[in-house]
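When reading the values below, keep in mind they use all heavy atoms of this one structure, side chains included, and skip hydrogens, waters and symmetry mates. Not measured: the values here are computed from a predicted model.
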Amino acid sequence: LDYSMARPGSRDDFSIHGLVQAVQQDGMRLASRKRTIDRATELIVRYGPYPAFEPSYRVIWDGLLPHAVAILGHLETHLVTPESRDLVKRADEYWFGKGDFEQSLTYSKMRLRADEAYVGTNSEAYADDLVNHGESLRELERLAEAESAFRTALTIHRRLEPGDSMNAAT
């Protein structure tokens, strides 16, 4: 019997059958699973070019995104490391750049939840991500929701930098 968990791929890569992956994952202790997910997240963030919406990077992200989505499925309630937050940002940017604003909206919501847990809602990061969220809503013609996101972001920025001369059309 010739059996291997890994099969050679088409280039310098390999694949592992999904059922074998599921059995391995099921047998992992929680701490080991978390370390594996953290390491995979770190590798994708390090390898994936920024910004993910850039058309010239699309071919790379086309290959990385399925892995990122799988990781994010495990991380949804634990998006508190800088790398995991960056991975969500890259997924959001990728879909926005491809013009799939529904998918972008899914990840922008996830970004906002991560911001709430990691940096709080009274932060520049949260305000900036609200603007990105609003852009997805605007593209989907959900204008009242988009306006609310933009106004909230502006309020946060004004509160954080009261002396700044930021102007906005109202």
Side-chain angles (χ1 to χ4, degrees), residues 9-13 15 34-161 164-169:
S10 58
R11 294 172 276 163
D12 291 334
D13 59 355
S15 65
K34 182 177 179 344
R35 280 192 308 275
T36 301
I37 290 170
D38 287 348
R39 181 69 176 132
T41 301
E42 179 184 320
L43 288 170
I44 291 173
V45 167
R46 186 182 308 154
Y47 180 72
Y50 181 80
F53 59 74
E54 180 66 40
S56 62
Y57 299 150
R58 197 162 292 147
V59 69
I60 296 168
W61 277 105
D62 285 344
L64 290 175
L65 195 73
H67 304 287
V69 168
I71 290 169
L72 291 171
H74 292 286
L75 287 176
E76 188 157 358
T77 58
H78 301 92
L79 293 170
V80 295
T81 66
E83 292 82 11
S84 62
R85 291 175 59 240
D86 198 26
L87 188 60
V88 177
K89 179 178 183 175
R90 306 273 181 105
D92 178 11
E93 290 175 345
Y94 173 85
W95 290 115
F96 192 92
K98 286 194 83 161
D100 189 334
F101 304 111
E102 283 290 343
Q103 284 286 30
S104 175
L105 189 64
T106 297
Y107 291 103
S108 70
K109 288 176 185 175
M110 196 181 287
R111 281 172 75 176
L112 291 172
R113 286 193 305 271
D115 287 344
E116 288 174 16
Y118 191 72
V119 295
T121 58
N122 192 34
S123 65
E124 187 174 346
Y126 185 79
D128 291 346
D129 287 346
L130 267 174
V131 171
N132 293 328
H133 182 69
E135 285 298 327
S136 292
L137 290 165
R138 186 183 61 78
E139 290 289 346
L140 292 168
E141 298 184 11
R142 294 167 57 177
L143 302 180
E145 292 171 88
E147 181 180 356
S148 176
F150 294 142
R151 286 186 184 279
T152 303
L154 182 60
T155 299
I156 294 168
H157 276 292
R158 284 181 174 160
R159 185 173 42 242
L160 293 173
E161 300 176 32
D164 195 358
S165 62
M166 182 186 300
N167 294 313

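If you take CG on Leu64 and CD1 on Ile44, they are separated by 6.0 Å, rounding to the nearest 0.5 Å. Rounded to the nearest 0.5 angstrom, Leu72 CG and Ile37 CD1 are separated by 10.5 Å. Taking OG from Ser123 and CG from Asp128, the interatomic distance works out to 8.5 Å, rounded to the nearest 0.5 Å. Remark: Gln103 CD to Leu105 CG distance equals 10.0 Å, nearest 0.5 Å. From Thr41, atom OG1 reaches atom CG of Asp86 across 10.5 Å, with rounding to the nearest 0.5 Å. Taken from NE2 in His157 to CG in Leu154, the straight-line distance is 8.0 Å, to the nearest 0.5 Å.
Judged by distance alone, with hydrogens and angles left aside, the side-chain atoms of Trp61 form a donor-acceptor pair with the main-chain N or O of Pro49 at under 3.5 Å. A donor-acceptor distance shorter than 3.5 angstrom exists from the side chain of Thr152 to the backbone of Ser148, with no hydrogens or angles considered. Thr155 places a side-chain N or O within 3.5 Å of a backbone atom of Arg151 that can act as its donor or acceptor partner.
Look at Asp115 and Arg111 and you find no salt bridge, because none of the NZ, NE, NH1 or NH2 atoms lies under 4.0 Å from a carboxylate O. Salt-bridge check for Arg90 with Glu93: failed, with every basic side-chain N at 4.0 Å or more from each acidic carboxylate O. Using a cutoff of 4.0 Å between basic side-chain nitrogens and carboxylate oxygens, Arg113 and Glu116 are not scored as salt-bridged.
Taking each heavy atom of Ser136 and Ser104 in turn, the nearest pair found is OG-OG, 2.8 Å. Looking at every heavy atom in both residues, Ser108 comes nearest to His133 through OG-ND1, 2.6 Å. For the pair Ala153 and Ala127, the tightest heavy-atom approach, listed with the atom from each and the gap, is CB-O, 3.4 Å.
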From CA spacing to verdict: side chain to side chain contact (heavy atoms under 4.5 Å, CB included), Tyr107, Leu87: CA-CA 10 Å; Tyr107 291 103; Leu87 188 60; over 6 Å; no
Verdict with reasoning, Val131 to Phe150, per side chain to side chain contact (heavy atoms under 4.5 Å, CB included): CA-CA 6 Å; Val131 171; Phe150 294 142; 4.3 Å; yes
Criterion side chain to side chain contact (heavy atoms under 4.5 Å, CB included) on Phe101 and Trp95, from CA distance to verdict: CA-CA 7 Å; Phe101 304 111; Trp95 290 115; over 6 Å; no
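For Phe53 and Tyr94, the gap between ring centers reaches or exceeds 6.0 Å.
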